[in-house]
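Notes for the one structure printed next.
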Amino acid sequence: MLSLPSTSSPISRKKYDVFLSFRGEDTRKNFTGHLYDALKSSGIVTFRDDPKLEAGEDIAPELSKAIQQSWCSVIIFSKTYAFSGWCLEELAEIVQQKNANGHKVFPIFYHVDPSDLRNQKEKVEAAFAKHEERYKEDKGKIQKWRNALTEVAKIKGWHLHNGNESEFIGDIVRKISAKLCETYRIVHDELVGISLPLKELYSKINIGEDDVRIIGICEMGGIGKTTLVRVVYTQMSPHFEGKSFLADIREVSNKCGLVSLQKQLLSQILPNECFNFFNVHEGNAIISRRLCSEKVLVVLDDIDNVQHLKCLVGRRDWFGLGSRIIVTTRDEHLLRSYGVDDVYNPKTLNPDNALRLFNLKAFHSDTVPKDDFIELSGHVVCYAGGLPLALEVLGSFLCDRDIVQWRSAIERLKEDSNKEILNTLRISFDGLEEKEKNIFLDIACFFSGEKRDFITKVLDGCEFFPDIGIDVLIKKSLIKVSDDNKRLQMHALLQEMGRKIVEEKCVDEPGKRCRLWKERDVHHVLIKNTVTEMIESMIIDNQRESSKMLNLSANVFSKMKKLRLLRVLCLSNCNDLKYLSNELRFLDWTGYPLKSLPSSFQPDNLVILLLPYSRIEQLWKGNRPLYKLKIISLKGSQNLIKTPDFTTAPYLEVLIMQDCTRLVDVHPSLGVLKRLKLLNLRDCRSLRRLPTKIEMESLETLILSGCSNLARFPEIDGKMEHLKTLDLSGCYKVEYLPENLHQAKLKRNLLSLFKVSQTGRMNFIAPMLPSLSSLRSLTKLKLRGCNLGEGDIPSAISCVSSLAFLDLSVNNFNRIPASLTGLSKLEELSLSRCGLRNMGEGDIPSDISGLSSLRILDLHGNNFTSIGASLARLSNLQRLGVCNCSELESLPVLLARKTSDWKHNRSYFIAINSYRLVENMSAITLLKTHIKVH
């Protein structure tokens, strides 16, 4: 998660960055000299030995110490390197440090072949012949040198052979410089959790490449962007010819203008010169002319306008090769539109690092000194949500205060947030357009954590243009999208900031605010009748007394003429309701207490209507304009007897009337809802009729399970190309399905068309099975409880070539149907509670290996006494379930052995309540075969 104060133990900085190992007479005055100068000019501290030290064959103590005090060694293998005992002894010392202490080694093969060094041939062989002659009595030394040379020669390095030495040296310096940047210790005051962000950011900066690169760092305020970039700037500065850190650009630009920032940029990079210009155009020209040949590091901290980039960065050719420009902002769109090379998004601190940072500020230690403070520290850390700014501010505020003051401060936080934190966060909000502000406040007060599609529908009905507005909020780091890309989420402190903005509109009287969500404020408004026309959105709840009925007056909403969002989440009672605002876009009232909505209510603007578990009998009398309506849910409204006329609801996408047990029929206009995607009539037990024809060309899910009195499925007029799930579970009286249902053209990404779970014998299921062979895109098929027998599964089922899941549970099979073995892509097969009795060697299909992809086989609740060894031919089987197989006495030896080598060590055999099997298998056998039996 993102950072601020510090990682574990920082790496101690070595005295030298690089130790140069070379043969002096070969390269000291040419290649090595040039390399040393290049390293030094790039700010890399390099040790090069004094020629006077090269005396004898044992390396001087100064050199041994220098190797130990260096982060890495660069070894220049030249033509006569191996002839020097001094060099080889030095090499052996380097290898010893490499293996013992992680010392880094970078070989350079200077006009020599690496294979000659590895294999010790040609001149290397001749060199060692001389060494062996000289050290006849010290064969161990020679072998040590040989081993060191072979080991280093195997390391990938740089090989120069007839190339350009200057370019070759430049590449070496860049690569070493990039590696060094990743190792520098954090010199700032204990920066918690910063190691991973630094590593990730350096991978994007890629200092070793010889190009001009612009990198953005973008996230919400207070997350530590500036802290992170200051560390990077400090560590990387020595590797550039010029550097500039422009802090607080947003604020400085507003106060002093862009010209002052251009002058600051030039003065920091070229400190000995004076720049005198008065407009940004002159500044642009001077920056591009003076810096185009300079390798510079520029940090632009906290920009919020594209002009900042245009006037301070301009184009990449304004700067010399190797330059890096790092930009921090809260607006990702600004970066993307400008065309930065990459964007890094820091994360909040994980709970452990958050607690460490808080403790450092509150107790000057990364551990809590007293038990009394442990729980309270946890409350503060939870409140901060991993935001470093909040942790630092609150930790510093609570430092040196006693336990009573801590408790008081934490209670105050619940009512009145810390201004320093919220003011920092508010900067992003203040830069929004009015409609974007409304979107942010609606999400903060009502919709955080809801599905993006759902929120978009509501806010689109409010004419806030959410498709672009939500994207703006995401790019400005004010909201986030969940990992599954379905929900919109908001950091708790950003949500609190948004709610505080609403409350500040009128601190003393909640009735004068546009949005009400706090239970206390809503009750104040309703009980004291301080309602005003200002109220646009309201949540009514009674969590403090959740079992108590909330009584609402008939005129409770009469003054709320602008009300567009209303949620009633508690038990409520109302003898009558005179008025609901015609501005309502979203009405969610759990347990709505009346038989219908107010007769005066005109739902022209209504987008989403949720009345679950209501007492509604019919929504309204007559025909109402429903042209914006997209979702209706009347789930559990057991008094519902009549549906509305849907003729004026052409954009309806979701209709849920699950558990409307008194509903007998639906309005015929239901059948022509061409945009309807989901129709759920589950457990509408009184439902007898559906429209005779349906033209639902967008329908994806049709759920009719539990409609036990439904006798006929409608004719399909046209094609239902998007249908994925059809659930007819418990539709006992349906005797006919239309021919064109299973002949419908199907999309290639079909997940599931058929899902039938029934307990009684059905006449139409078995005859329909051959027609399923045309559903080549079908991946999931449920025929549970259809009273099917072995002969009912046709061999043509193998034509359903994409089938991966097949549920045939609660049917009537004596053995595994042989017709299934052609399903080569089947991964999961359930034959539970099918009355299987024959699973012996002759009963398992001979070509069972055709189920080559089968991973899960569920046989629980059957009556067989043994399993044939041929089942072991299921080569990919990972899970075999035989729970509640009370007659099962033994497993075949081959199958028992197979359990020990099922894939990935995650496979298992589970036999809960299979008592006879347990009795007949010893504990030792179970342990040996990794079988789980309970």
Would the distance check show the side chain of Ser337 and the main-chain N or O of Leu334 forming a donor-acceptor pair, the cut-off being under 3.5 Å? yes
Would you mind checking if Glu241 and Lys295 are paired as a salt bridge, meaning a charged N to carboxylate O distance below 4.0 Å? no
Run the salt-bridge test on Glu273 and Arg290 with the 4.0 Å N-O cut-off and return the result as yes or no. yes
Do the ring planes of Phe109 and His159 sit parallel (below 30°), tilted (30 to 60°) or perpendicular (above 60°)? perpendicular
State, with a plain yes or no, whether a side-chain heavy atom of Gln262 is found less than 4.5 Å away from one of Ile287. yes
Under 4.0 Å between a side-chain nitrogen and a carboxylate oxygen: does that hold for Arg316 and Asp341? yes
For residues 242-298, which residue pairs pass the ring-ring contact (aromatic ring centres under 6.0 Å, His included) check, not counting sequence neighbours? Tyr233-Phe245
Minimum-distance pair of heavy atoms, taken over all atoms of Asn206 and Arg324: O-NH2, 2.7 Å
Lys/Arg-Asp/Glu bridge criterion (N-O < 4.0 Å) met for Arg356, Asp352: no
Could you list the donor-acceptor pairs under 3.5 angstrom formed by side chains in residues 73-80, with sequence neighbours left out?
from, atom 1, to, atom 2, distance (Å)
Ser73, OG, His103, NE2, 2.7
Ser78, OG, Asp26, OD2, 2.6
Thr80, OG1, Arg23, NH1, 3.2
Thr80, OG1, Asp26, OD1, 2.8
Thr80, OG1, Asp26, OD2, 2.5

Among Thr329, Ile214, Leu312, find the one that has a side-chain contact (heavy atoms from CB on, under 4.5 Å) with Leu300. Leu312
Of Val327, Thr234, Ile217, which is the lone residue that meets side-chain contact (heavy atoms from CB on, under 4.5 Å) with Val229? Ile217
